[in-house]
Amino acid sequence: MIDLLLLPALVGILVALVAGPLGSFTVWRGMAYLGDTLAHSALLGVAAALMFHWNIQIGILFCCIVIALLLLALQSNTRMSSDSLLGILSHSSLALGLVVVSVLPSQRVDLYAYLFGDLLMVNLQDVFVIAALVLLSLGLLIFFWRKLLMISIDEELAQAEGLNVRALKIVLIILLATVIAVAMKTVGILLITALLIIPAAAAQQLTRSPEAMALFASFCGILCVIGGLLASAWLDTPTGPSIVLCAAMLFSGAFILKSLARNKNKF
Amino acid sequence: MNRSAMNNLTNNSLLEVHNLSFVDQGREIIRNISLTIAEREITTVIGPNGAGKSTLMKIICGLLTPSSGHIHKKPQLRIGYMPQRLQLASSMPLKVSRFLSLADSNKKARQAALEKTGVAHLNGASMQTLSGGELQRVLLARALLRKPDLLVLDEPLQGVDINGQAALYRLIAALRDEQDCAVLMVSHDLHLVMAQTDKVLCLNQHICCHGEPESVSKHPEYLKLFGKQVAEDVAVYTHHHDHHHDMHGDVVHCDAGCKHDD
């Protein structure tokens, strides 16, 4: 069983490593809906990858980036609220993805795996692609960390201090797209934002600096992935939802700890 | 104004704005604004709500691109911008020390900046727990860390009472002397400005009038209202409008010619 779980655990840990800081940015900047939109467009990426025989992760990455750039273009050229634009893009791309997948030869597509993840089915090639994408995004994150933090604290102040806010937002969106491309393997399209947000929210309860929150979110994510994998192996439950449930329990624990600490301070 | 005259002007001026206009969705926010900021000069911009004060600050700081007009800045002009408030979400655990270290990694410089603005004790506090006045002082400390030639303060006194205002004015005046920087600030009060203000601009889409403030001591009613301590830090600005505005903000009476900045 160890052999069976080794590759999935490795992939899960890699995903959690990068999901921690990116999830923190998602929480700080209120980008959950953007994450959802990119995740939904991931199915379109899967369809494209199957059609043109690309690697799945690359297909997703490509599609997420196209949708993200489309969103940025729409945001600066229309007077519609970001919320509405995200809703339109999110559901149109999900619907288009579902339709395209349905016309592909059926034996090639396991829709369930894409919607809820198929961590137990990862192969060595997946591990290499995911490891490369994770290392690349971690490098970018470290390189741009101070600037990304600044635009998350206050975009106007950042711009007044000479940062290119627009370019940095694109960097952040591309990073988010990368995480989604790799995280889809673990928890699936419908649960990706949970893997981003819940560990970060748990870490927020227990940390006092943005860096600590990002690192601790990665650590929480790793715990959730391992916990979810073990649970799904023992109890024969679906892996993706088990991981997300682990995260929810971890968050509850952190929340209760924080509340207890706060009450203790009162007396 | 010919080219050489303009160059003469630039000798001790940090920033010159010529015929600046900003139009947002067909609505003119500011029009035809010209102003000069000299080294070490304190300029206060006053005007009613919606007059375009913040827009003007944002254009000067490079946050907005003007629809027409020019801004000439001294090469390598360093602007320290102090916004009204931060967008910072409550979800980011952030201490004052970390917030400042994003601007300057030198711990001693950060501590010194906090001491200058009188909030050294807040170094370890969480940004979200600061009161409005404390946040203003932390933002001011951050602007100072950038060693600015020009300090731009967008309504630094919102929600601060008159005693707090006087204290902040005293602080800004001291900082100007210490750091040798010019100050450009927006004030929400139409009549009271910082005592050390060299120049007041009254803005209502265009520059309605400009001039120097008068000491409060010439206005016994204000003196009585604030007491001597506060009166030393604030000054009175008397408007000399030669026109007024109709409901659309258009100038309707202007026979003597509006006193625009040349």
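Order of the sequence lines sets the chain letters (A, B, ...), proteins ahead of strands, with each chain counted from 1. Everything numeric here is computed off the predicted structure, so don't read it as measured data.
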Contact residues of residues 93-102 of chain B (partner chain A; heavy-atom separation under 4.5 angstrom): B:P93, B:L94, B:K95, B:R98, B:F99, B:L102

Quick check: does any side chain N or O of A:T178 sit under 3.5 Å from a backbone N or O of A:I174, one acting as donor and the other as acceptor? yes

Apply side-chain contact (heavy atoms from CB on, under 4.5 Å) to residues B:L135 and B:M127 and explain how you reach the verdict. CA-CA 8 Å; B:L135 179 64; B:M127 288 292 289; 3.8 Å; yes

Heavy atoms only, distances under 4.5 angstrom: which of A:E161, A:E156, A:E155, A:Q159 has the most pairs with chain B? Name it, please. A:E161

Inspect the contact between B:E16 and B:K73 and indicate whether a charged nitrogen and a carboxylate oxygen are less than 4.0 angstrom apart. no

Residue pairs fulfilling side-chain hydrogen bond (donor to acceptor under 3.5 Å, both in side chains) with at least one residue in residues 80-90 of chain A, sequence neighbours excluded: A:H40-A:S90, A:Q75-A:S82, A:S81-A:S84

Please report the closest heavy-atom contact between B:A89 and B:Q128, naming both atoms and the distance. O-NE2, 2.9 Å

Can you tell which part of B:R142 gets under 4.5 Å to a heavy atom of chain A, answering side chain, backbone, both or neither? side chain

Would B:M185 and B:Y169 count as a side-chain contact (heavy atoms from CB on, under 4.5 Å) if you check the C-alpha gap in whole Å, the side-chain angles of each, and the deciding distance to 0.1 Å? CA-CA 11 Å; B:M185 74 172 129; B:Y169 280 156; 4.2 Å; yes

Chain A: which of B:R78, B:M82, B:K58, B:Q25 shares the most heavy-atom pairs with it under 4.5 Å? B:Q25

Residues in residues 15-34 of chain A that sit under 4.5 Å from chain B, counting heavy atoms only: A:V27, A:W28

Counting distance only, does the side-chain N/O of A:N164 pair as donor-acceptor with the main-chain N or O of A:A167 below 3.5 Å? yes

Between B:E134 and B:R137, is the closest basic N to carboxylate O distance under 4.0 Å? no

Is a donor from one side chain sitting under 3.5 angstrom from an acceptor on the other, for B:T197 and B:T44? yes

Kindly determine whether A:V187 and A:F116 satisfy side-chain contact (heavy atoms from CB on, under 4.5 Å), including the steps that lead there. CA-CA 5 Å; A:V187 289; A:F116 297 104; over 6 Å; no

For the NE2 atom on B:H121, are there more than 12 heavy atoms of other groups (residues, nucleotides or ligands in this structure) within a distance under 6.0 Å? yes

Lys/Arg N to Asp/Glu carboxylate O, B:D198 vs B:R176, below 4.0 Å: yes

I'd like to know if the side chain of B:S21 pairs up with that of B:N32 as donor and acceptor (distance under 3.5 Å, no hydrogens or angles considered). no

Test side-chain contact (heavy atoms from CB on, under 4.5 Å) on B:I46 and B:V200; report intermediate values, then the result. CA-CA 7 Å; B:I46 58 179; B:V200 180; 3.7 Å; yes

Which members of residues 207-228 of chain A, sorted by number, sit under 4.5 angstrom from chain B on a heavy-atom basis? A:T207, A:R208, A:S209, A:P210, A:E211, A:M213

